[in-house]
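Being a predicted model, the structure only gives us computed values, none of them experimental.
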Amino acid sequence: MEKVPGTLLIDALPRMDERLCDETAAELRAYISDIRRLSSSDKWGVVGRGGVFHGGYFKYLRRPYTEEQFRSGNPCVASSTRDVLEYFAKACEDSEGRSHPEVDALFARIDLARPAVVSRSDLVPENIVVDEKTGAITAVFDWENAGWYPYLWDDRVAHIRKSTHQDRIRESALWDRIRKAAIERQSEEDAVAAFCELHFFAFMWGQDEYSHPPCCCLYKRHSSSAHANFVMYCDQWCSRATIQWVRRYTMEHEGMHT
């Protein structure tokens, strides 16, 4: 097996300047355009799984929780953008099937009629290899969950990944520069922000396969730094009203999990 030449973008970013990042963005934009030629109006889901998304971001269970769900998970069966959004929205529901008012309002900001597009599902710096001298992309790997996703999926994943590198300010800024030039123009920024916010609500209230019990486990994982980390996480894409709500919520509960 021959090793792919180049360096992971996440490792190369500290040594790249804006000119090289612009070269990478141009190649990434062309790459996205090429694979999206395979898009189809009647195909959804991971390749070979017949309209089903499973694993990765699709890990949320539905209420009431059962032993069967914890064993087999809760795949998302979709034939439209609405189906995918409703999967995450259901993770936000309480035990009586009620969701937060802001969750319902998010749907109006997204074009639910747009067909799926081909995506490798996780287009982030950790999965892109570049030539540090030229900025050229030499490989994109990890295609396990490639398939047909909502039109704003790539934008959303790249936007979320920016927030995970807040402790590496320069790298985060350069990835954001690449993201905006290569990916953001593929869909509307407000729709991307709405999708990110929906995923935030699912992350906050949803029960997934890797955390038990729901909601309050977030504070156990973040320990005494819950308030600062939690607000930083949501501050990247949530509305001002949601951010204010999260600040109040975390301050009220901060003493519960120290």
Side-chain angles (χ1 to χ4, degrees), residues 1-49 53 56-57 81 84 110-111 113-165 168 170-196 199 236-237:
M1 183 179 294
E2 187 176 346
K3 182 179 179 180
V4 174
T7 306
L8 286 176
L9 180 56
I10 188 62
D11 296 326
L13 280 173
R15 298 181 291 276
M16 294 174 68
D17 56 22
E18 292 184 348
R19 179 187 63 82
L20 287 175
C21 286
D22 290 344
E23 291 294 331
T24 300
E27 292 214 359
L28 190 58
R29 182 168 61 249
Y31 158 82
I32 292 173
S33 296
D34 283 344
I35 66 170
R36 288 195 174 185
R37 292 175 184 173
L38 302 173
S39 299
S40 174
S41 60
D42 60 350
K43 290 186 177 181
W44 287 86
V46 176
V47 172
R49 299 188 186 178
F53 298 100
Y57 292 98
T81 296
V84 176
I110 298 172
D111 185 353
R114 292 271 288 272
V117 298
V118 172
S119 168
R120 61 156 317 291
S121 83
D122 200 18
L123 196 59
V124 294
E126 290 83 348
N127 294 330
I128 301 171
V129 182
V130 299
D131 182 330
E132 289 189 58
K133 295 181 179 179
T134 65
I137 295 176
T138 59
V140 177
F141 60 91
D142 193 7
W143 290 77
E144 179 183 2
N145 290 314
W148 291 268
Y149 287 76
Y151 69 98
L152 39 62
W153 187 267
D154 285 337
D155 307 29
R156 164 192 163 273
V157 171
H159 197 77
I160 288 177
R161 187 50 53 99
K162 173 196 170 186
S163 72
T164 66
H165 297 304
R168 302 167 65 178
R170 184 174 183 274
E171 291 91 324
S172 179
L174 290 175
W175 170 243
D176 200 41
R177 182 184 182 91
I178 295 172
R179 175 188 74 86
K180 288 182 176 179
I183 306 176
E184 186 173 293
R185 65 182 59 186
Q186 300 286 340
S187 61
E188 300 84 355
E189 177 68 4
D190 185 59
V192 174
F195 197 2
C196 287
H199 185 262
Q236 298 302 311
W237 54 78

Distance-minimising heavy-atom pair for [X] and [Y]:
X	Y	answer
Cys21	Leu13	SG-CD2, 4.1 Å
Glu171	Pro14	OE2-CG, 3.2 Å
Leu8	Glu126	CD2-O, 3.4 Å
Met16	Val130	SD-CG2, 4.5 Å
Ser119	Ile35	CA-CD1, 4.5 Å

Centroid separation Tyr149 to Trp44 less than 6.0 Å: no
Aromatic ring proximity Trp153/Tyr57, centre distance under 6.0 Å: yes
Do the side chain of [X] and the main chain of [Y] share a donor and acceptor less than 3.5 angstrom apart?
X	Y	answer
Arg15	Asp11	yes
Arg29	Ala181	yes
Arg177	Asp22	no
Thr81	Pro150	no
Trp175	Ile10	no
Glu27	Ile137	yes

Heavy-atom side-chain proximity of Val157 to Val124 below 4.5 angstrom: yes
Side-chain ion pair, Arg179 and Asp176, N-O less than 4.0 Å: yes
Charged N-O contact under 4.0 Å between Asp154 and Arg36: yes
